[in-house]
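First comes the structure, then the notes that go with it.
Everything quoted here is computed from the prediction, not taken from an experiment.
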Amino acid sequence: SARVSSGPWLSLSYSFFFASILGTTPQKGYAMAELEQTLTIIRECLVYKIPPRTAAAGYKAADWDLAHPLWTGRCRIVAIGDRAEIRLEEANGDVFASCPIQGPESAKAVEQVLDSSRYFVLRIEDGAGHHAFIGMGFQERLRLPRHTGDR
């Protein structure tokens with residue numbers, strides 16, 4: 001079994017432990033930390049400045065300056081409660097950009113380009129209501145299972 005040794009999980013565990021003994025719930029207003037689970041890490045990810053979309057059909061990687069990426073780092077995909085997030089991270093763990101995937105806007109968060117299976121467009125957000133679109137690519141084609149909906 002997993003053992004919690006320190007940090008915020010320890011205080012959270014104690015709070016719920018004592019609440020269960022006393023037959024109460026934690027204090028009103030006590031925010032329960034959301035569990036964050038890393039779904040996958042892709043060690044090398046490339047980010048590109050992309051031109052505005054010119055056609056309703058979508059973006060094309062051939063229109064990007066693929067020889068000169070804007071940034072290189074790793075891509076971490078995490079699940080946090082009922083949402084997911086694509087994080088582009090430096091080697092030290094600092095977040096370069098974040099692409100939240102939640103609710104009705106989730107269909108617009110990630111878009112595969114029309115001309116390649118290695119490149120995508122991400123809708124990144126700064127947490128203050130601003131967003132931008134960037135290109136993201138990988139050196140090798142990803143071998144991920146394709147989601148086909150509920151079966």
Side-chain angles (χ1 to χ4, degrees), residues 1-16 25-53 56-66 68-151:
S1 70
R3 211 171 80 117
V4 177
S5 59
S6 65
W9 288 109
L10 185 59
S11 61
L12 182 64
S13 297
Y14 283 147
S15 175
F16 281 97
T25 58
Q27 297 175 2
K28 185 176 181 179
Y30 184 84
M32 186 170 160
E34 289 185 294
L35 180 63
E36 182 175 296
Q37 179 182 11
T38 297
L39 303 176
T40 192
I41 296 174
I42 301 162
R43 301 248 179 249
E44 187 175 24
C45 168
L46 308 167
V47 168
Y48 301 93
K49 181 178 179 183
I50 59 173
R53 183 191 301 234
Y59 293 93
K60 292 184 180 180
D63 297 337
W64 307 350
D65 185 6
L66 298 177
H68 301 97
L70 181 67
W71 177 85
T72 301
R74 72 178 173 217
C75 176
R76 179 187 306 264
I77 302 173
V78 296
I80 310 159
D82 64 347
R83 66 187 194 280
E85 191 172 282
I86 299 171
R87 293 184 187 153
L88 306 179
E89 300 177 334
E90 304 284 350
N92 66 4
D94 289 346
V95 177
F96 170 75
S98 175
C99 173
I101 304 170
Q102 179 181 15
E105 296 294 313
S106 64
K108 299 176 185 177
V110 180
E111 182 180 339
Q112 187 169 0
V113 298
L114 299 172
D115 58 346
S116 176
S117 61
R118 295 186 304 142
Y119 297 97
F120 302 85
V121 173
L122 298 182
R123 182 183 193 267
I124 59 171
E125 296 184 8
D126 67 358
H130 303 103
H131 71 273
F133 293 94
I134 60 171
M136 178 182 73
F138 305 102
Q139 292 292 339
E140 298 178 12
R141 187 167 43 184
L142 299 176
R143 293 189 183 106
L144 299 175
R146 199 170 194 128
H147 177 68
T148 57
D150 296 331
R151 293 176 187 221

For the atom pair OG1 (T72) and CD (Q139), what is the distance rounded to the nearest 0.5 Å? 8.0 Å
When you measure from the side chain of R118 to the backbone N and O of F138, does any donor-acceptor pair fall under 3.5 Å? yes
What's the spacing between D65 CG and I50 CD1 if we round to 0.5 Å? 13.0 Å
By the side-chain hydrogen bond (donor to acceptor under 3.5 Å, both in side chains) test, which pairs, at least two apart or in different chains, include something from residues 121-132? R123-E125, R123-H131, D126-H130
Run L70 and I134 through side chain to side chain contact (heavy atoms under 4.5 Å, CB included) and show every step you take. CA-CA 10 Å; L70 181 67; I134 60 171; 5.7 Å; no
Here the gap from C99 atom SG to I124 atom CD1, rounded to the nearest 0.5 Å, amounts to 8.5 Å
What's the spacing between R83 CZ and I101 CD1 if we round to 0.5 Å? 11.5 Å
To check you understand the geometry: which heavy-atom pair defines the closest contact between P100 and A109, and what is its length? O-CB, 3.7 Å
Shortest non-hydrogen separation from A61 to D115 and the atoms involved: N-OD1, 2.8 Å
Could you state the interatomic distance from CE (M136) to CG (L46), rounded to the nearest 0.5 Å? 10.0 Å
Are any of the side-chain heavy atoms of I41 and R76 separated by less than 4.5 Å? yes
Is any side-chain N of the basic residue among R87 and E36 closer than 4.0 Å to the acidic one's carboxylate O? yes
Evaluation steps, side chain to side chain contact (heavy atoms under 4.5 Å, CB included), between Y48 and L66: CA-CA 7 Å; Y48 301 93; L66 298 177; 3.9 Å; yes
Measure the CD-CZ distance between E111 and F120 for me, rounded to the nearest 0.5 Å. 11.0 Å
For Y59 and R53 the tightest heavy-atom approach is CE1-NH2, 3.3 Å
Examine distances only and state if a side-chain atom of D63 and a backbone atom of P51 form a donor-acceptor pair shorter than 3.5 Å. no
